Peer 1: 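Below you'll find the structure I mean.
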Amino acid sequence: DVEWLWDLCADTHVEKNRYKVDFAGLTWDVDHYLGHMAELNFRRAEVETPAKDTIVSIPAWAIFEVTGFKGFSDASFARRKPIPQIPGYT
């Protein structure tokens, strides 16, 4: 039983609902954040491609690309760091 471990990390939980969304032949994981991030009404989407050279069509609902921005990881969200500003997006 690891219930005690969950309680030990209570301040670093990341609460989210994950949805699977099919778009242009690929399945996207879309996370809708809850808990301490609920007020931001924030969602993050990611997609696994079958090969490195797979061409990915970006859905219109994906407003900006955050690949490589460390501030958009669940680890950053768990430490309750603010979501970083995206260059060129206000």
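Everything numeric here is computed off the predicted structure, so don't read it as measured data.
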Peer 1: Tell me, please, which residues at least two apart from Ser73 pass side-chain hydrogen bond (donor to acceptor under 3.5 Å, both in side chains).
Peer 2: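 side-chain hydrogen bond (donor to acceptor under 3.5 Å, both in side chains) list for Ser73, sorted by chain: Ser76.
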Peer 1: Write down the atom of Trp28, the atom of Ser57, and the distance for their closest heavy-atom approach.
Peer 2: CZ2-O, 3.7 Å
Peer 1: Do Leu26 and Trp61 belong together in a cluster built from hydrophobic side chains that touch within less than 4.5 Å?
Peer 2: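 Yes, Leu26 connects to Trp61 through the hydrophobic network.
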Peer 1: Taking all atoms of both residues into account, what is the closest heavy-atom pair of Val14 and Asp74, and its distance?
Peer 2: CG2-O, 3.5 Å
Peer 1: Applying a strict under-4.5 Å side-chain criterion to I, L, V, M, F, W and Y, I'd like to know whether Val66 and Ile58 cluster together.
Peer 2: no
Peer 1: Report the residues that fulfil side-chain hydrogen bond (donor to acceptor under 3.5 Å, both in side chains) with Asn17, sequence neighbours left out, ordered by chain and then residue number.
Peer 2: none
Peer 1: For Tyr33, what residues pass the ring-ring contact (aromatic ring centres under 6.0 Å, His included) criterion, not counting sequence neighbours?
Peer 2: Phe42, Phe77
Peer 1: Taking 4.0 angstrom as the limit, do Lys20 and Asp29 come out as a salt bridge?
Peer 2: yes
Peer 1: Looking only at heavy atoms, which two atoms of Val30 and Arg43 are closest? And how far apart?
Peer 2: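 For Val30 and Arg43, the tightest heavy-atom pair comes out as CG1-CB, 4.4 Å.
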Peer 1: Are any non-hydrogen side-chain atoms of Val47 and Phe23 less than 4.5 angstrom apart?
Peer 2: no
